[in-house]
Engineer: 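The following block contains the structure, expressed as structure tokens.
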Amino acid sequence: MAYVELKNISKIYDDGTKAVSNVNIQIKDKEFVVLVGPSGCGKTTTLRMIAGLEEISEGELYIDGKLVNSLSPKDRDIAMVFQNYALYPHMNVYDNIAFGLKLRKFNKDEIDKRVKEVADILGLSESLRKKPKSLSGGQRQRVALGRAIVRNPKVFLFDEPLSNLDAKLRVQMRAEISKLHKKLNATIIYVTHDQVEAMTMGDRIVVMESGLVKQTDSPMKIYQNPVNKFVAGFIGTPSMNFIEGKLNFKDSIVFVSKQSKIDIPIMNEQIRNEKNNNKEVILGIRPENILLNNRKEESGRYFEFKSRVELIEPLGSQMLIHLFFGEQPMIAEISGMESVDRESEISFYIDLTKVHLFYKENGKNLLSL
């Protein structure tokens, strides 16, 4: 396998559109890195530049320390798995998997050995003589994986490979690809717009927006310490709740919104400086940190507010409660064992040790500066 390095990579189209801007990413040997972001953020364009399917406008791309900007896709020793599988309908599973090896003039015995080994890894041994039309969506995706694996490339590139699968099959294939990564000790660069895929599969996540890398870190570090409001809102399901207001420094740090004043005595003291006093900020709180049970005994840690329950979404072990903080709609995620009635008005408690504060003007997290 190999390590991959992107140095100041940009993609500028002929009309002047800058799809990717100054991207710097270092991907270690055998690492599973996920590029994630909304549609149009530049993640697939970045992947295609690594593959050689898009020309790099600016910057340098290295695979195993070798500059590959001018190399054709076939000379980069990478394999790519696409969203639409791209299987040949007239070929059976065996020939689909073997196709790339035949193009590279591998001898018949070596092709047979490799195809059967890969089929065994992917659970396709009983399907080698079947045509793609007789396979399920999950089996077709495995064939596409097999065609990439059989080449034993330096780097695997995945472009939203699970988008066409139903929800249950996506969960299954996420686990299978993660297991496959460990079995192959492969270097994998994986593109998705689904942040759940990113959180569950990646060793590291690269969050992109508008062609820019916003944050690169392990899934839990990004979840717990987002660098800005965009990352905080994009990573996490349901999304983080946001309340607009101002900071005010008195005996402690106070967040003042239209609805109320929230005393945050335990907030990190690094935000207490003159430039932040009366600064317009946005308080962020994740749904699981809005609690239902009485927390009055832990003075200073919890902020109590009352709200009418607008909607309840039962999810089994958890349920989502749609509520209001003043006029601001919010979501709380609580235990499915709790007893809550729709339209009732009850007390909720914000865990003030888990809140985030973002500058309204640029979205930056005050605590990560």
Side-chain angles (χ1 to χ4, degrees), residues 6 19-20 23 25 27 31-48 50 81-83 141 156-181 188-242 282 284-290 313 315-320 322 329-333 354-356 358 363-365 367-368:
L6 288 74
V20 175
V23 166
I25 309 171
I27 298 157
E31 189 175 25
F32 196 131
V33 170
V34 181
L35 308 184
V36 65
S39 297
C41 71
K43 56 190 185 295
T44 292
T45 302
T46 301
L47 195 77
R48 289 174 62 84
I50 295 171
V81 180
F82 297 92
Q83 178 179 344
Q141 188 60 74
F156 289 94
L157 306 179
F158 290 80
D159 186 14
E160 305 204 39
L162 309 185
S163 295
N164 293 333
L165 304 180
D166 61 50
K168 184 176 180 180
L169 198 50
R170 279 203 304 272
V171 174
Q172 179 186 336
M173 288 303 298
R174 283 204 315 255
E176 289 191 17
I177 292 174
S178 294
K179 290 175 185 175
L180 191 62
H181 171 240
I188 293 178
I189 307 172
Y190 187 104
V191 159
T192 181
H193 65 275
D194 186 335
Q195 53 88 25
V196 175
E197 280 182 31
M199 290 287 291
T200 55
M201 298 175 74
D203 297 322
R204 282 191 303 143
I205 298 175
V206 178
V207 184
M208 297 184 68
E209 181 195 23
S210 303
L212 298 167
V213 172
K214 294 298 182 178
Q215 187 170 1
T216 303
D217 215 325
S218 66
M220 287 312 298
K221 284 185 178 177
I222 286 181
Y223 186 80
Q224 293 167 351
N225 300 295
V227 297
N228 59 34
K229 181 176 176 284
F230 168 77
V231 174
F234 188 80
I235 298 295
T237 302
S239 181
M240 183 180 285
N241 298 294
F242 297 111
I282 298 170
I285 183 71
R286 293 205 178 276
E288 66 269 24
N289 296 319
I290 300 176
E313 295 183 80
L315 300 175
S317 63
Q318 301 295 115
M319 62 179 167
L320 304 182
H322 293 248
M330 298 178 72
I331 296 177
E333 182 178 0
K354 303 293 178 61
V355 299
H356 298 267
F358 306 95
K364 289 183 179 179
N365 191 334
L367 298 179
S368 65

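We're numbering straight along the sequence, starting at 1.
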Engineer: Between Cys41 and His193, is there a side-chain heavy-atom distance shorter than 4.5 Å?
Structural biologist: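 In short, these two side chains do not touch, never coming nearer than 4.5 Å.
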
Engineer: Determine whether His181 and Asp203 make a side-chain contact, defined as any pair of heavy atoms from C-beta on separated by less than 4.5 Å.
Structural biologist: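 Counting from C-beta outward, His181 and Asp203 do come under 4.5 Å.
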
Engineer: If you take all heavy atoms of Val191 and Pro161, which pair is closest and at what distance?
Structural biologist: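 Taking every non-hydrogen atom into account, O-CD, 4.2 Å.
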
Engineer: Is there a donor-acceptor contact under 3.5 Å from the side chain of Glu197 to the main chain of Thr192?
Structural biologist: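 The answer is no, because no donor-acceptor pair under 3.5 Å joins these two groups.
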
Engineer: Verify side-chain contact (heavy atoms from CB on, under 4.5 Å) between Thr46 and Met208, making sure each step is shown before the conclusion.
Structural biologist: CA-CA 10 Å; Thr46 301; Met208 297 184 68; 3.7 Å; yes

Engineer: Once rounded to the nearest 0.5 Å, what's the spacing between atom CD1 of Ile205 and atom CD1 of Ile222?
Structural biologist: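 Rounded to the nearest 0.5 Å, the CD1-CD1 separation comes to 5.0 Å.
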
Engineer: Contact between Ile285 and Val355 at the side-chain level, heavy atoms closer than 4.5 Å - yes or no?
Structural biologist: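 Yes. Closest side-chain heavy atoms under 4.5 Å.
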
Engineer: Do Pro226 and Ile235 come within less than 4.5 Å of each other through their side chains, counting heavy atoms only?
Structural biologist: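 No - every pair of side-chain heavy atoms lies 4.5 Å or more apart.
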
Engineer: Under 3.5 Å, side chain of Glu288 to main-chain N/O of Glu333, donor-acceptor pair present?
Structural biologist: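 Between the backbone of Glu333 and the side chain of Glu288 there is no qualifying donor-acceptor contact (under 3.5 Å).
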
Engineer: Could you work out, with side chain to side chain donor-acceptor pair (under 3.5 Å) as the rule, every residue matching Arg204, not counting sequence neighbours?
Structural biologist: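 By the side chain to side chain donor-acceptor pair (under 3.5 Å) rule, Arg204 matches Glu31.
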
Engineer: Is there a side-chain contact between Lys43 and Glu160 (heavy atoms, below 4.5 Å)?
Structural biologist: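 Yes. Closest side-chain heavy atoms under 4.5 Å.
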
Engineer: Which pair of heavy atoms, one from Gly42 and one from Val20, lies closest together, and at what distance?
Structural biologist: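 Gly42 and Val20 have their closest heavy atoms at O-CG2, 3.5 Å.
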
Engineer: Nearest 0.5 Å, please: how far is OG in Ser239 from CD1 in Ile331?
Structural biologist: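 Here the rounded value is 8.0 Å.
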
Engineer: I would like to know whether Phe358 and Met240 meet side-chain contact (heavy atoms from CB on, under 4.5 Å); could you show each step before the answer?
Structural biologist: CA-CA 12 Å; Phe358 306 95; Met240 183 180 285; 4.0 Å; yes

Engineer: Given side chains that start at C-beta, do those of Leu162 and Ile177 come closer than 4.5 Å, heavy atoms only?
Structural biologist: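 Contact flag for Leu162/Ile177 side chains = yes.
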
Engineer: Output yes when a side-chain donor or acceptor of Arg286 lies under 3.5 Å from a complementary backbone atom of Lys354, and no otherwise.
Structural biologist: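 A pair under 3.5 Å: no.
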
Engineer: Identify the heavy atoms of Ala198 and Pro219 that sit nearest to each other, and give their distance.
Structural biologist: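 Scanning both residues, the minimum pair turns out to be O-CG, 4.3 Å.
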
Engineer: Can Lys229 be said to sit on top of Phe242's aromatic six-ring, NZ or CZ under 6.0 Å from centre and within 45° of the ring axis?
Structural biologist: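 Judged by the rule, Lys229 and Phe242 form a cation-pi pair.
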
Engineer: Supply the atom-to-atom distance Lys214 NZ to Phe234 CZ, rounded to the nearest 0.5 angstrom.
Structural biologist: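 So the NZ of Lys214 and the CZ of Phe234 are separated by 13.0 Å.
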
Engineer: Please round to the nearest 0.5 Å and tell me the distance separating atom CG of Leu35 and atom OG1 of Thr216.
Structural biologist: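 Rounded to the nearest 0.5 Å, the CG-OG1 separation comes out at 8.5 Å.
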
Engineer: Check step by step if side-chain contact (heavy atoms from CB on, under 4.5 Å) holds for Ile188 and Phe158.
Structural biologist: CA-CA 8 Å; Ile188 293 178; Phe158 290 80; 3.5 Å; yes

Engineer: How far does CG of Leu157 sit from CZ of Phe82, to the nearest 0.5 angstrom?
Structural biologist: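 Here the interatomic distance stands at 9.0 Å.
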
Engineer: About how many Å separate CD of Gln141 and CZ of Arg170, when rounded to the nearest 0.5 Å?
Structural biologist: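 Result: 12.0 Å between the selected atoms.
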
Engineer: Stepwise, does the side-chain contact (heavy atoms from CB on, under 4.5 Å) test hold for Thr237 with Met199?
Structural biologist: CA-CA 11 Å; Thr237 302; Met199 290 287 291; over 6 Å; no

